[in-house]
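Working notes for the structure below.
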Amino acid sequence: MLTFPYRVGGDAVTIRFPERPDELAAFEEFIRRTSGQILGLDTENTDLHVFGAQFRGRLVQFGTVDEAWCIPVEWGGPYLESASRVLRDPDRKFVVHNAPYDLLVLDRTGLVPLADLGPRVFDTYLLGHLCDPRMLHQGGTGLKLKELSKVYVDPAAADTQDGLHAVFRKEYKATKHTGWAVIDLTHPLYLTYAGLDVIYATRLLRELGTLVKGNGLSKLAHWEHRVQLLTTAMMKRGLRIDPVYTSQLVAQLHDEAARHRSTAAEFGVANVNSNAQVIAALQGMGEEWTETTDSGAPSVSKDVLLPMADLGMQWERLEARAANPVADAVVRAKRASKWADSYAQAFLDKVDDQGRIHPSIRSLAARTARMSVSDPALQQLPSSDWTIRRCIIADPGQLIVAADYSQVEMRVLAALSRDEALMAAIASGEDLHTFTARLVSGAAWEHMDDKARKKARKLFKAVGFGKVYGGGAVTLSRQTGAPLADVRVAVAEYDKAFPGIRAYGRRLQRSAAYGGQEVVTPFGRHLPLDRDRAYAATNYVVQSTARDLLAKALCDLDDAGLSEYVLLPVHDELVCQAPAEDAADVIHTIGRLMESTFGGVAITSEAEVYGPSWGHGYGAAA
DNA sequence: GCGCACCGCGCG
DNA sequence: AAAGCGCGCGGTGCGC
């Protein structure tokens, strides 16, 4: 038996490691002694790619507030069986920090099925987010185990990852990525840190649990655990990739990028990703512009380069003659290589031996509670064009289907602000932005031709977004290209037409000013505001409430036995797959289940059968 | 080899 | 009166 003493929050703690099978008896005695307690749980593995071919589980750690056991499941046999028995005990509950990863590890390595252990796990990440959803750099507590531990458990909480990285380098000639697979299971620092993590998690639960309960967040916490389990099942399910199409697309995009790079090189831009080189070349050609970045350097964003290249804002008009060949080549080369590397190649790199990718889904991520998806970032795939989404395909015999909310944020804003005109506009069933344009135009609307009406609609659509985001006339003018004076008039007219929106924003800011610089959403979520950005209050509440409506829909779907069809949440839509013969039925049922009445406002959705790939919803040929 | 700030860009 | 909101990721450039 290896034993390591340590101190946490002023208390002596012990970390143990059974080196021989007969020492498992002492572990099992620990398990009996702590029956009825919520045990800390964590795993250490070869790497983070749970679905990768070489992935292996190495340690499973169990612990209380002062004692941790590191079980070498990598050694198999009795170690594996002993850990598995504890995990499968239906009366035993656990606390994990970032449960989805460990749940998937334990499922994948056969120790305990996701559906068995999942409902018996508390996640301190979720509790920490409910108490303060901000990252460290946003002025919050941060949400990593170490960050939360420093605030709630022990200001001197050990840097359990960083310390090991030095060991990987010095003792194993490995990197922070490769070290995990090769470090000796009995390495004292490795075991100490592995054990500390479960001790921290257990203590965090004690502190955060009290805080959550005391602030009336228990129901929300329970609900978030359910939502997280549903997104964890989506991570396991994954999405299928079309390998042949994707490989061809990568080659084609690389080819395209290379052509434009060589054009740029002819004009002295050896590296299109070097903004300094691009700026030098353009200035050398006599181009002048005033746009700058936050730090004051000349900006070479699309907003600057596209007009220079005379490409307009629409990629559909790529045939337009290039006015500035450098601007043109740079913007095309960068787009082609980004699409090739960040999207298509990323799919191929992450595909498992079943042809699927398994994105990481954070069910509770943004400070507004929005979900995030990474590895790969499937919520951000280009939608202006079908080519990238075409890489994602349905399983054999199935079709990709989707249901998305209709202008959910505007509807939420109407319900929360109780603005009568906005509620009436939505209730009328007419297109909201056309309704607004007509309302504001008054008698003039009758004399406007179709083109003028469309232009007015576009402007008021932008103004509506500006209201949701808290943006001003200058930004709107820049975004729409409409003259600033016109935008100012439109904003004033909008405020007059929907006075409740501004009043609601002021109400939120006032209550925040007297109530701890935070707003509370209808779902009971506490969202801290930045002192100098109090105007963001409306957006935070609206965005957060829209997220909670989608999360609630996921639970309702699950109650109806339909969650197995869901592949991915994308903020206001659910991307799903269903057997071809009843795909339409399934997605219409899902769409109906997403709908509700919120604060007297109808929250509606649209369901659509896309086809064999995700791209088929964006124009890919059937 | 690694972390960080900055920049730019994809989405809702 | 004025204030665009929220993410993830890849590249550059720089310092350790």
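The chains referred to below are lettered A, B, ... by the order of the sequence lines, with proteins before strands, and numbering in each begins at 1.
Note on A:Asn271: only backbone sugar-phosphate atoms sit closer than 4.0 angstrom, heavy atoms only; bases stay farther off. Among the heavy atoms of the strands, none lies under 4.0 Å from A:Gln345. At a threshold of 4.0 angstrom between heavy atoms, the contacts of A:Phe465 include nucleobase atoms, whether or not backbone atoms are also involved. At the heavy-atom level, A:Ser299 lies under 4.0 Å from the strands shown only through sugar-phosphate atoms. Residue A:Arg362 is classed as having no contact, given no heavy-atom separation below 4.0 Å to the nucleic acid. If you check every strand for non-hydrogen atoms under 4.0 Å, A:Val300 touches sugar and phosphate atoms only. Using a 4.0 Å heavy-atom cutoff across all strands shown, A:Asp294 reaches sugar-phosphate atoms only and no base atom. Contact annotation for A:Val373: backbone-only contact, meaning every heavy-atom pair under 4.0 Å involves sugar-phosphate atoms and none involves a base. If you check every strand for non-hydrogen atoms under 4.0 Å, A:Arg547 touches nothing.
Contact check, A:Thr475 against C:dG4: a side-chain N or O comes under 4.0 Å of OP1 or OP2. For C:dC7, one of the phosphate oxygens OP1 or OP2 lies less than 4.0 angstrom from a side-chain nitrogen or oxygen of A:Gln138. For the OP1/OP2 pair of C:dG13 and a distance below 4.0 Å, the side-chain nitrogens and oxygens of A:Ser274 include at least one atom meeting the criterion. In terms of phosphate contacts, A:Arg533 brings a side-chain nitrogen or oxygen within less than 4.0 Å of OP1 or OP2 of C:dG6. Applying the 4.0 Å criterion to OP1 and OP2 of C:dC5, one finds that A:Lys467 has every side-chain N and O outside that range. Proximity of A:Arg370 to the phosphate of C:dC5: no side-chain N or O atom is located under 4.0 Å from OP1 or OP2. Contact between the side-chain N/O atoms of A:Thr175 and the OP1/OP2 oxygens of B:dC2 is found at a separation under 4.0 Å. At the phosphate of B:dG10, neither OP1 nor OP2 sits under 4.0 Å from any side-chain N or O atom of A:Ser384. Phosphate proximity of B:dG12 to A:Tyr469: absent, as no side-chain N or O sits under 4.0 Å from OP1 or OP2. Side-chain N/O atoms of A:Thr368 include none lying less than 4.0 angstrom from OP1 or OP2 on C:dG6. Distances shorter than 4.0 Å separate none of the side-chain N or O atoms of A:Ser342 from OP1 or OP2 on C:dC9.
Using a 3.5 Å distance cut-off with no hydrogens or angles, the side chains of A:Thr263 and A:His260 do not pair a donor with an acceptor. With 3.5 Å as the limit, one finds a donor-acceptor pair spanning the side chains of A:Asp431 and A:Thr434.
Atom CD of A:Gln379 is separated from atom P of B:dC11 by 13 Å (rounded to the nearest Å). Taking atom CE of residue A:Met371 and atom C1' of nucleotide B:dG12, one finds them 13 Å apart after rounding to whole Å. The distance between atom CZ of A:Arg411 and atom C1' of B:dG12, rounded to the nearest whole Å, is 16 Å. Between the C1' atom of B:dG10 and the CG atom of A:Leu378 lies a distance of 12 Å, rounded to the nearest Å. Rounding to whole angstrom units, CZ of residue A:Arg134 and P of C:dG6 are separated by 12 Å. Separating the NE2 atom of A:His137 from the C1' atom of B:dC6 is a distance of 14 Å, rounded to the nearest angstrom. A straight line from CZ of A:Arg261 to P of C:dG11 spans 11 Å, rounded to a whole angstrom. We find that CD of A:Gln161 is positioned 13 Å from P of B:dC2, with the value rounded to whole Å.
Closest approach to the A:Ala377 side chain among B:dC2, C:dC9, B:dG10 is made by C:dC9 (side chain taken as heavy atoms from C-beta onward). Closest contact between the side chain of A:Arg488 and the listed nucleotides C:dC7, C:dA2, B:dC2 involves C:dA2. The nucleotide whose nearest atom lies closest to any side-chain atom of A:Gln380 is, among C:dC5, C:dG11, C:dC7, C:dC7. Among the nucleotides C:dG6, C:dG11, B:dC2, the one closest to the side chain of A:Lys176 is B:dC2. Taking only side-chain atoms of A:Ala366, from C-beta outward, the nucleotide of B:dC2, C:dG8, C:dG6 with the closest atom is C:dG6.
Remark: C:dC7 base-pairs with B:dG10; criterion is Watson-Crick or G-U wobble with both hydrogen-bond distances under 3.5 Å.
Taking the six-membered ring for Trp and thresholds of 30 and 60 degrees, A:His129 and A:Tyr125 have ring planes inclined between 30 and 60 degrees apart.
Along DNA chain C, the nucleotide nearest to A:Gly470 and the one nearest to A:Asn273 differ in position, and the one closer to the 5' end is contacted by A:Gly470. Mapping A:Tyr540 and A:Arg502 onto DNA chain C by nearest heavy atom places A:Arg502 at the nucleotide closer to the 5' end.
Shown here is A:Lys350, whose NZ atom has more than 12 heavy atoms of other residues, nucleotides or ligands within 6.0 Å.
No donor-acceptor pair closer than 3.5 Å links the side chain of A:Tyr504 to the backbone N or O of A:Asp419.
Comment: A:Arg335 does not engage A:Asp385 in a salt bridge, judged by the lack of any side-chain N to carboxylate O separation of less than 4.0 angstrom.
Stacking of A:Arg411 on the aromatic ring of A:Tyr405 is not recorded, the 6.0 Å distance cut-off and the 45° axial limit not both being met. A cation-pi arrangement, defined by a distance under 6.0 Å to the six-membered ring centre and an angle within 45 degrees of its axis, is absent between A:Arg389 and A:Tyr610.
Separating the P atom of C:dG4 from that of B:dG12 is a span of 22 Å, rounded to the nearest Å.
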